[in-house]
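Hydrogens, waters and symmetry mates are skipped; everything else that's a heavy atom, side chains included, is used. One-based numbering along the sequence shown.
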Amino acid sequence: MRITSGGHAFWYIESDAGRILLDPVFTDPFEQGTVTACPSRSMDIDKIPEHDLLYLSHRHLDHFHIPTLKKLSKDKPVMAPDDKLTLLSLKELGFQDIRPMRPFEEQILHQNDTSLRLIPTPSVSETFVEYGLLVIEEKEGKKTRTLLNQVDTPLSESTIREIKARSPEIDVHLAMFASQDFGWFHAQASQIAETYTQNLHAAMQIGAKLVVPASAGFRFVDRYDYLNAILFPIPRERFMTDIQSLCPDATSVPINPGDVIELEDTLEIKRQSAAFIKMLAEDSHRINHDPTVSVPELVDHNLSGYPLAHLSGFASAVIEQGLVAYLQTSIHNGEKDVLDYCNHHAVFRIHVIFPDGTKVWNFIFQPDGFQLAKGDYPKPPDFIYKITSSALLDLCEGKKSVWAVRPETRRWSRLLSPQNTVLGLRTLEIELQNLLTHFILGMQIRMHGESKAMLKYYGLC
């Protein structure tokens, strides 16, 4: 079995039993232009070998890459999460043999006296459907070889036990390591220590001979470069050092785009031996964690060149007409997300950043409704949402997904509610929802129908 790194979460497996593409991303930048592979790479798409099966771990755009999927043969089997939007997108793209994954329900490729057992390993997430993949190669007269591609899936104790029951000895573990702090986009408290502990614990329990820091090989580009100092707290060198300390019998080395892991009679790493991809530069130093860096103010670069009058009129119509009507209807219908604001006398503040300035809207909620105040308002907000005007327009019109506009936003929320309980006075933190994005998604559903709207909103079409 040969395992080639294509960069980030893209791997290519070759075996006498068949060939598998895993989370392929053929072009840079990706995730709708916000990130690029790191280390940087050069790929000859014409030289990418044929595949017998496509595996997609989940529908985040750095794994589920629409431009790449459009290029692939549509008659090959696809293993994908049993997730409504993922399956719908694959059908709309024209894939004919879609095989929804379920925990530990294996697919088998077999030819030339060799079998590849492909076993989906579930994530602990209860809100998002995603899978890792346990690959077991069984060849007549040869030693069984095993690869675990963890991707972005935290592993429960029961999942680890099941993996070990299926394969007591694992040769290669493509492990989670980076503990990305993406909660920063929502002003959530950092859980880096907890996440990193989970990642190290999983690697220790799996006990592979080779532990590879994987599935975090990208960086933000251009005007979003500052995010590389904020969102990636664990460099792969730190992870490898800790693995060597915690797992002295394991080897932990970086695998870069174009490197190949050969699992035959021995385990061997062949650097830059792939025919279709090479590493341009080992530039992972560009992901340099430094949370003391200053976060720049949002600026609307308006790269699409929208007329200023159109941006201003559009934002005003969305907020002062569309959002107002949505809130009135939601209060009348007793929708919980809006009633939470009413019941707690909360203030929802929106900043829209235009190329020539900023406009502010405040929604002040009371138990029986709300009032709208533009500009400065003395009462401090409980939820702040900032977005550039061109990103707002692109999101509303479905030109960019909610993931792609994320760097064009800022968000903060905190509502503390003192309550008398059987244990005495307790202060609870109430989770408020982003009413503007809720309205935008609801508006798109009314205009396009639920399926098409959801695909556009999450960038899956």
[atom1] of [X]: more than 12 outside heavy atoms within 6.0 angstrom?
X      : atom1 : value
Lys452 : NZ    : no
Lys91  : NZ    : no
Glu429 : CD    : yes

Quick one: do the [X] and [Y] side chains pair a donor with an acceptor below 3.5 Å?
X      : Y      : result
His351 : Thr358 : no
Asp171 : Thr146 : no
Asp300 : Ser389 : yes
Tyr131 : Asp152 : no

Is it the case that the side chain of [X] and the backbone of [Y] share a donor-acceptor pair, with hydrogens and angles ignored and the cut-off at 3.5 Å?
X      : Y      : answer
Gln272 : Met279 : yes
Lys400 : Ala404 : no
Gln107 : Arg117 : no
His289 : Ala229 : yes
Arg41  : Gly6   : yes
Glu282 : Ser284 : yes
Glu31  : Thr34  : no
Asp83  : Val129 : no

Does NZ or CZ of Arg286 fall inside the cone over Phe220's six-membered ring, less than 6.0 Å from its centre and within 45° of the axis?
-> no
Within 45 degrees of the axis of the six-membered ring of Tyr385 and under 6.0 Å from its centre: does Arg410 put its NZ or CZ there?
-> no
Given side-chain contact (heavy atoms from CB on, under 4.5 Å), test Phe239 with Val211 step by step and report yes or no.
-> CA-CA 10 Å; Phe239 176 79; Val211 182; 3.9 Å; yes
Quick one: which of His63, His60, His65 gives a ring pair (Phe, Tyr, Trp, His ring centres under 6.0 Å) with His8?
->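 It is His63, the one option of His63, His60, His65 that forms the ring pair (Phe, Tyr, Trp, His ring centres under 6.0 Å) with His8.
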Evaluation steps, salt bridge (Lys or Arg N to Asp or Glu O under 4.0 Å), between Asp82 and Arg102 | CA-CA 7 Å; Asp82 191 5; Arg102 296 174 181 87; 3.3 Å; yes
May I ask you to say whether Lys139 pairs ionically with Asp113, meaning some side-chain N is under 4.0 Å from a carboxylate O?
->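 Salt bridge absent between Lys139 and Asp113.
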Kindly indicate, with the supporting measurements, whether the criterion salt bridge (Lys or Arg N to Asp or Glu O under 4.0 Å) is fulfilled by Glu106 and Arg166.
-> CA-CA 11 Å; Glu106 65 184 63; Arg166 302 283 182 122; 3.4 Å; yes
